[in-house]
K.L.:
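After the structure tokens below, expect a handful of questions from me.
The model shown is predicted, which means the values in this text are computed figures rather than measured ones.
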Amino acid sequence: QVQLVESGGGLAQSGGSLRLSCAASGRTFSSLIMAWFRQSPGKEREFVSAVMWHGRTTYYADSVKGRFTCSRDNTKNTVYLQMNSLKPEDTAVYYCAARSSDLWRINPHEYGSWGQGTQVTVSS
């Protein structure tokens, strides 16, 4: 298990930007697939983005492709989500998650470690 702590959420205007960070504890961070999910009230938790352990390959949900960028710094045990051109529909609690595998997944049940979440609110 790895401990995950998100930060960087807050309030942004439509068209604005926010950068989320997720700090991980533990010595295995560089071997983990890291992902971001989000959940709005009354909705299921949905996949946003994932980055492979080496950082060279990323995946995005269609709804955020071209606007969000996921990256990681294995020297700092941190994964980031840069969110640009924010829309009101991006409003949600954003969660960082970790998966110990060579294969990435969009199903949240495939991830074994989770952060506590950080609220992102985008006003129109």
K.L.:
Taking all atoms of both residues into account, what is the closest heavy-atom pair of Leu4 and Met34, and its distance?
P.N.:
CD2-CE, 3.9 Å
K.L.:
Would you say Met52 and Phe68 are hydrophobically clustered, going by side-chain heavy atoms of ILVMFWY under 4.5 Å?
P.N.:
no
K.L.:
If I compare all heavy atoms of Asn74 with all of Phe29, which pair ends up nearest, and what's the gap?
P.N.:
OD1-CE2, 3.1 Å
K.L.:
Rounded to the nearest 0.5 Å, what separation is found between the CH2 atom of Trp36 and the SG atom of Cys96?
P.N.:
5.0 Å
K.L.:
Residues in salt bridge (charged side-chain N to carboxylate O under 4.0 Å, His left out) with Arg38, at least two apart?
P.N.:
Glu46, Asp90
K.L.:
Which heavy-atom pair separates Val93 from Gly117 by the least distance, and what is that distance?
P.N.:
CG1-CA, 3.8 Å
K.L.:
Can you get from Val2 to Val51 by hopping between Ile, Leu, Val, Met, Phe, Trp and Tyr side chains that sit under 4.5 Å apart?
P.N.:
yes
K.L.:
Over all heavy atoms of both residues, which pair between Ser101 and Ile33 is shortest? Give the atoms and the distance, please.
P.N.:
O-CD1, 3.3 Å
K.L.:
Keeping Gln39 on the side-chain end and Glu44 on the backbone end, is there a donor-acceptor pair under 3.5 Å?
P.N.:
no
K.L.:
Given a cutoff of under 4.5 Å between side-chain heavy atoms of I, L, V, M, F, W and Y, with clusters grown through shared members, what are the other residues clustered with Leu103?
P.N.:
none
K.L.:
State, with a plain yes or no, whether a side-chain heavy atom of Thr69 is found less than 4.5 Å away from one of Tyr60.
P.N.:
yes
K.L.:
With clusters defined by side-chain heavy atoms of hydrophobic residues (ILVMFWY) lying less than 4.5 Å apart, directly or transitively, does Val122 cluster with Val48?
P.N.:
yes
K.L.:
Can you give me the closest heavy-atom contact between Ser31 and Thr28, atom names plus distance?
P.N.:
OG-O, 2.7 Å
K.L.:
Could you grab the distance from atom CZ of Arg56 to atom CZ of Arg72, nearest 0.5 Å is fine?
P.N.:
11.5 Å
K.L.:
For residues 13-24, which side-chain N or O atoms pair as donor and acceptor with protein atoms under 3.5 Å away, sequence neighbours left out?
P.N.:
residue, atom, partner, partner atom, Å
Ser17, OG, Asn84, OD1, 2.9

K.L.:
The criterion is salt bridge (charged side-chain N to carboxylate O under 4.0 Å, His left out); which residues satisfy it with Lys65, sequence neighbours excluded?
P.N.:
Asp62
K.L.:
Give me each pair satisfying ring-ring contact (aromatic ring centres under 6.0 Å, His included) with a member in residues 87-124, each pair once, sequence neighbours excluded.
P.N.:
Phe37-Tyr111, Phe37-Trp114, Phe47-Trp104, Tyr59-Trp104
K.L.:
Going by salt bridge (charged side-chain N to carboxylate O under 4.0 Å, His left out), name the pairs with one or both residues in residues 100-124, residues two or more places apart or in two chains.
P.N.:
Arg99-Glu110
K.L.:
Show the nearest heavy-atom pair for residues Ser71 and Val79, with the distance to one decimal.
P.N.:
O-CG2, 3.1 Å
K.L.:
Side chain of Thr78, backbone of Lys76: donor and acceptor closer than 3.5 Å?
P.N.:
yes
K.L.:
Under the criterion side chain to side chain contact (heavy atoms under 4.5 Å, CB included), I'd like the reasoning laid out for Ser30 against Trp53: C-alpha separation, chi angles, the key distance, then a yes or no.
P.N.:
CA-CA 6 Å; Ser30 61; Trp53 63 269; 5.6 Å; no
